[in-house]
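Shown next, in structure tokens, is the structure this report addresses.
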Amino acid sequence: MKKIFNECNWAVYFTIPAETQDDGQEGITVCAWFSYPFQAEEFIEKVLPAENKARFRIAHRSELYAKGDKENV
């Protein structure tokens with residue numbers, strides 16, 4: 001299972017605004033991982049409710065590392 005997960009490098013995530021956090025720092029929450037970006041796009045298009053789609057983004061694992069949340073990526 002770990003090998004399969006390690007091959008999932010594309011995340012669907014949303015940003016948590018800093019003003020809503022106790023530590024005052026912006027955060028991210030990853031809700032799904034995929035092997036290919038088109039799978040992430042399809043997830044947003046076909047699975048998420050229409051009223052929430054605009055909140056979600058797609059990023060490669062390395063981009064999330066750049067955001068500084070290495071513990072949760």
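Predicted model, so just to flag it, every value in this text is computed and none were measured.
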Please round to the nearest 0.5 Å and tell me the distance separating atom CD1 of Ile16 and atom CD of Gln25. 12.0 Å

With a sphere of 6.0 Å drawn around OH of Tyr36, does it hold more than 12 non-hydrogen atoms of other residues, nucleotides or ligands? no

Tightest non-hydrogen contact, residues Gly24 and Ala18, listed as O-CB, 3.3 Å

Parallel, tilted or perpendicular: rings of Phe34 and Phe43 (30°, 60°): tilted

In Å, rounded to the nearest 0.5 Å, how long is the span from CD of Gln39 to NZ of Lys46? 11.5 Å

Quick one: OH on Tyr13 to CZ on Phe56, what's the gap to the nearest 0.5 Å? 11.5 Å

Are Val47 and Ile44 linked, directly or through intermediate hydrophobic residues, by side-chain heavy-atom contacts shorter than 4.5 Å (ILVMFWY only)? yes

Testing the basics here: between Glu45 and Lys53, what is the closest heavy-atom pair and its distance to 0.1 Å? O-NZ, 2.6 Å

From Arg61 CZ over to Asn9 CG, what is the distance, rounded to the nearest 0.5 angstrom? 5.0 Å

Can you find a pair of side-chain heavy atoms, one from Phe14 and one from Arg57, that are under 4.5 Å apart? no

So which heavy atom on Pro37 is nearest to which on Ile58, and how close? O-CD1, 4.4 Å

Got a second to check how far Glu26's CD is from Asp23's CG, nearest 0.5 Å? 11.0 Å

For the CH2 atom of Trp33 and the CD atom of Glu7, what is their distance to the nearest 0.5 Å? 14.0 Å

